[in-house]
*Asks:* 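A single structure is presented below for examination.
Values in this document were obtained by computation on a predicted structure and should not be read as measured data. Quick note: numbers below take in every heavy atom, side chains included, and nothing from hydrogens, waters or symmetry partners.
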Amino acid sequence: QRRNPELRGQPTAVVQYNDWKGGGLIAVSYEARKFGVKRSMRGDEAKMVCPSINLVQVPVARDKADLNVYRSAGSEVVTILSTKGKCERASIDEVYLDLTDAAKEMLLESPPELLELIFEEATKSNILGLPSDVSNREDSVRAWLCRADADYQDKLLSCGAIIVAQLRVKVLEETQFTCSAGIAHNKMLAKLVSGMHKPAQQTVVPSSAVQDFLVSLPIKKMKQLGGKLGSSLQDDLGVNTVGDLLSFTEDKLQEYYGVNTGTWLWKIARGISGEEVEDRLLPKSHGCGKTFPGPKALKNNASVKTWLDRLCEELSERIQSDLNQNKRIAQTLTLYARACKKNKSDSIKKFPSKSCPLRYGTVKIQEDAMKLFESGLHDFLGSQNTKWSITSLSVSASKIFDIPIGTSSILRYIKGPNSTVSPANLDCSSLPEDPSLGNKLYIAPNHEEHCEPSLSEKEDYGNNSNLAKQCQIKEEKKVSKKLTEVKGTCSILKFLSQSPVLSEKRKIDSLICSHPGPESSSEPNKAEEHKAAQYVDRNKFNTAGSNSASSSTWMFNVEDIDPAVVEELPPEIQREIHGWIRPPKQSSSKTRGSTISSYFQPAKRSG
């Protein structure tokens, strides 16, 4: 309706892309709800209930609904609400707001009882326990908000009601969206009453009205009681309303459901909840899904892979955008599905959800998601060799954390001005891209790495024709146990930039390696002679500077490597670095059967 004002005031619904039976309804206007149209319906059914309904198709991307326009719209509302307190975004169109500090400030500076004029929208509030059939309802609400003899808690609620009314008007003016709200002393109660009076209204829950409100509330309406726990309360204890739960003592509930759950049930029956509003404007997870009802069901691995690839592509874009914009990284990939078997005898069994560590990169996410599906399908079918079909498929990225301030990708610290490569050429995409690097990653050239002795060693060797042989001996003795051979892009050496290094003297082991240019790499014999890194003498260090423009050097000290940083690198690089830091023990050269006497020098005979 905001995008097309001609639909305002008319019965309207948004339908999914799937056109089966008119498409599933995902959003229904209040004008359509008056005719009995519900979100559980499909387009054809909605037209039967309300012939004049306008069915608008949701935006489409990758052959499925694209909800980005709705996510953006929700963000507009959250941005306004968050100006007044700690804000927790619960979904696209739902948010919790902690107004405690704002209400206390208002009560201190301009208490409602001293205001000459109460904000008009606040006088339209629905206050539980206040008679609603009075002739002049707004005057009654105004009187309740401005009571001088009210207790402190109710005065805070009055301030909260005024603040929320102001926020709702501001949202309407700036976004053209209406809001409904529940105002209470905890999240649980606020959530329960937020939908009591719609559209565009707010409901206040005074402490004195909590018991009467909850006593007749169906137990399944309570948060976290809509599933198995709620069913257990109904079947095992005969609890159908929250009032029924009040007849059980805390000890009795603990006996049935354990100490923690029993205590929690006892408290919520009395309107007590200590759950805090989390300061979170961003979603806790990202998810992409698609349903395949009726004849649209997926019946083979190929069709499942096609749709998983599309879902994973969208998921990859969203988590990469979250990383770029909000500096947050997701850690877990989860696959969900609904399936059925041709053999109905075991139709109760659900398709198990499967999770694994999330690797950034579209292709990697697609590969992992397919493996998760195959694992879940194996568990779902068991030993049965029967036909199956998938009616719902979704993937999600969860366990999202902020990247600590001051940290960034390792690539940022080893880039060089003369070495660029496309990210597509890297085989280390399990690490997310660092947006601060722009569109290029600076790394070592793509040609094979070749290492040479330092200048000082070359001088010592002079023009000796045995240089290659001596170099090879040093490699075998000092390097082979500490540095694995560099091949392709799996080695960390690939990521080290070409940059000139200043000469200096050090009394610790340092690693020197130079990267010859294309001219050097074309000589196979020379490449074979200098294939590994050279360790310099403990008491002297000289950089392997080169007079040739096609060669440059890098260096670092093995002892300077921080083990804590190493643990964050890809496994193949971790193994390589651990080889430098903790070289494997060399086997004893002594043969079996040696006696202790072989470890002592023979005594010199006096002449």
*Asks:* One thing to verify: whether K364 and D368 come together as a salt bridge, which I'm taking to mean a side-chain N less than 4.0 angstrom from a carboxylate O.
*Replies:*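 Answer for the salt bridge query: no.
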*Asks:* Under a 4.0 Å N-O cut-off, is there an ion pair linking E314 with K64?
*Replies:*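 So E314 pairs with K64 through a salt bridge.
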*Asks:* Assess whether salt bridge (Lys or Arg N to Asp or Glu O under 4.0 Å) is satisfied between K84 and D101, documenting all intermediate values.
*Replies:* CA-CA 9 Å; K84 284 295 184 179; D101 293 339; over 6 Å; no
*Asks:* Would the distance check show the side chain of S125 and the main-chain N or O of I127 forming a donor-acceptor pair, the cut-off being under 3.5 Å?
*Replies:*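 Absent.
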*Asks:* Please lay out, stage by stage, how D309 and K305 fare under the test salt bridge (Lys or Arg N to Asp or Glu O under 4.0 Å).
*Replies:* CA-CA 6 Å; D309 285 351; K305 186 179 186 309; 2.9 Å; yes
*Asks:* Check the surroundings of atom CZ in R270: do more than 12 heavy atoms from other residues, nucleotides or ligands lie under 6.0 Å from it?
*Replies:* yes
*Asks:* Within a radius of less than 6.0 Å around NZ of K86, do more than 12 heavy atoms belonging to other residues, nucleotides or ligands occur?
*Replies:*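 Counting neighbours around NZ of K86, more than 12 heavy atoms of other residues, nucleotides or ligands fall under 6.0 Å, so yes.
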*Asks:* Check the angle between the aromatic planes of F351 and F373 and answer parallel, tilted or perpendicular using the 30° and 60° thresholds.
*Replies:* parallel
*Asks:* Side chain of N186, backbone of G271: donor and acceptor closer than 3.5 Å?
*Replies:* yes
*Asks:* Within the 4.5 Å heavy-atom criterion, are L311 and Q366 side-chain neighbours or not?
*Replies:* no
*Asks:* So how far is it from L99 CG to L167 CG, rounded to the nearest 0.5 Å?
*Replies:* 7.0 Å
*Asks:* Around Y30, counting heavy atoms of other residues, nucleotides and ligands shown, do more than 12 lie under 6.0 Å from its OH?
*Replies:* yes
*Asks:* Would you check if the side chain of R42 reaches a backbone N or O of D44 as a donor-acceptor pair within less than 3.5 Å?
*Replies:*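 Checked: no pair found.
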*Asks:* Would you say D66's side chain and A61's backbone share a donor-acceptor pair under 3.5 angstrom?
*Replies:*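 Not a single qualifying donor-acceptor pair exists.
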*Asks:* Quick one: does T334's side chain get under 4.5 Å of V395's, heavy atoms only?
*Replies:* no
*Asks:* How many angstroms lie between atom OG of S82 and atom CG of L97, to the nearest 0.5 angstrom?
*Replies:*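 The distance works out to 8.5 Å.
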*Asks:* Does a salt bridge link E374 with K354, judged by any charged N lying under 4.0 Å from a carboxylate O?
*Replies:* no
*Asks:* Apply side-chain hydrogen bond (donor to acceptor under 3.5 Å, both in side chains) to the pair E31 and S29, showing each step before the final yes or no.
*Replies:* CA-CA 5 Å; E31 296 85 358; S29 72; 3.1 Å; yes
*Asks:* Between D139 and R142, is there a side-chain N and carboxylate O pair less than 4.0 Å apart?
*Replies:*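 So D139 pairs with R142 through a salt bridge.
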*Asks:* Charged N to carboxylate O below 4.0 Å: is that the case for E313 and R62?
*Replies:* yes
*Asks:* Would you say the side-chain atoms of S247 pair up with the backbone N or O of G243, donor to acceptor, closer than 3.5 Å?
*Replies:*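 It does not hold such a pair.
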*Asks:* Looking at side-chain heavy atoms only, is the closest gap between D63 and W307 below 4.5 Å?
*Replies:* yes
*Asks:* Is there a side-chain contact between L225 and I268 (heavy atoms, below 4.5 Å)?
*Replies:*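 L225 vs I268: side chains touch.
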*Asks:* Does the Q254 side chain pair with the main chain of N260, one donor and one acceptor, at a distance under 3.5 Å?
*Replies:*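 No; judged by distance alone, with no hydrogens or angles, the pair does not exist.
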*Asks:* Does the side chain of S231 reach to within under 4.5 Å of the side chain of K228, using non-hydrogen atoms?
*Replies:*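 S231 does not reach K228 side chain to side chain.
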*Asks:* Go through R147 and D154 one step at a time and tell me if the salt bridge (Lys or Arg N to Asp or Glu O under 4.0 Å) criterion holds.
*Replies:* CA-CA 9 Å; R147 290 177 304 156; D154 278 357; 3.1 Å; yes
*Asks:* For N136, is there any backbone N or O sitting under 3.5 Å from a side-chain donor or acceptor partner on S140?
*Replies:* no
*Asks:* CG of D149: more than 12 outside heavy atoms within 6.0 angstrom?
*Replies:*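 Check passes, neighbour count above 12.
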*Asks:* Do V210 and L189 have side chains that get closer than 4.5 Å, going by heavy atoms?
*Replies:* yes
*Asks:* Run the side-chain hydrogen bond (donor to acceptor under 3.5 Å, both in side chains) check on T263 and E250 step by step: do they pass?
*Replies:* CA-CA 6 Å; T263 298; E250 184 176 358; 3.0 Å; yes
*Asks:* Does R2 come within less than 4.0 Å of E76, counting only side-chain N to carboxylate O?
*Replies:*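 So R2 pairs with E76 through a salt bridge.
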*Asks:* Decide, yes or no, whether a salt bridge links R168 with E121 under the criterion of side-chain N to carboxylate O below 4.0 Å.
*Replies:*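 Yes, charged N to carboxylate O under 4.0 Å.
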*Asks:* Is it the case that the side chain of Q1 and the backbone of L7 share a donor-acceptor pair, with hydrogens and angles ignored and the cut-off at 3.5 Å?
*Replies:* yes
*Asks:* Between E367 and R359, does at least one N-O distance fall below 4.0 Å, as a salt bridge requires?
*Replies:* yes
*Asks:* State whether the side chain of H286 and the backbone N or O of S396 hold a donor-acceptor pair below 3.5 Å, judged by distance alone.
*Replies:*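 Answer holds: no.
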*Asks:* How many angstroms lie between atom CG of D244 and atom CG of L217, to the nearest 0.5 angstrom?
*Replies:* 11.5 Å
*Asks:* To the nearest 0.5 angstrom, please state how far the CZ atom of R328 sits from the CG atom of L323.
*Replies:* 10.5 Å
*Asks:* Flag the pair L229 / W264 as yes when at least one side-chain heavy-atom distance between them is below 4.5 Å, and no otherwise.
*Replies:* yes
*Asks:* Does any non-hydrogen side-chain atom of C179 lie less than 4.5 Å from one of V77?
*Replies:* yes
*Asks:* Indicate yes or no: does E88 engage K187 in a salt bridge with an N to O separation below 4.0 Å.
*Replies:*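 Salt bridge flag = yes for K187 with E88.
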*Asks:* If you count every heavy atom of other residues, nucleotides or ligands that lies below 6.0 Å from K220 atom NZ, does the total exceed 12?
*Replies:*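 It does: K220 NZ has more than 12 such atoms within range.
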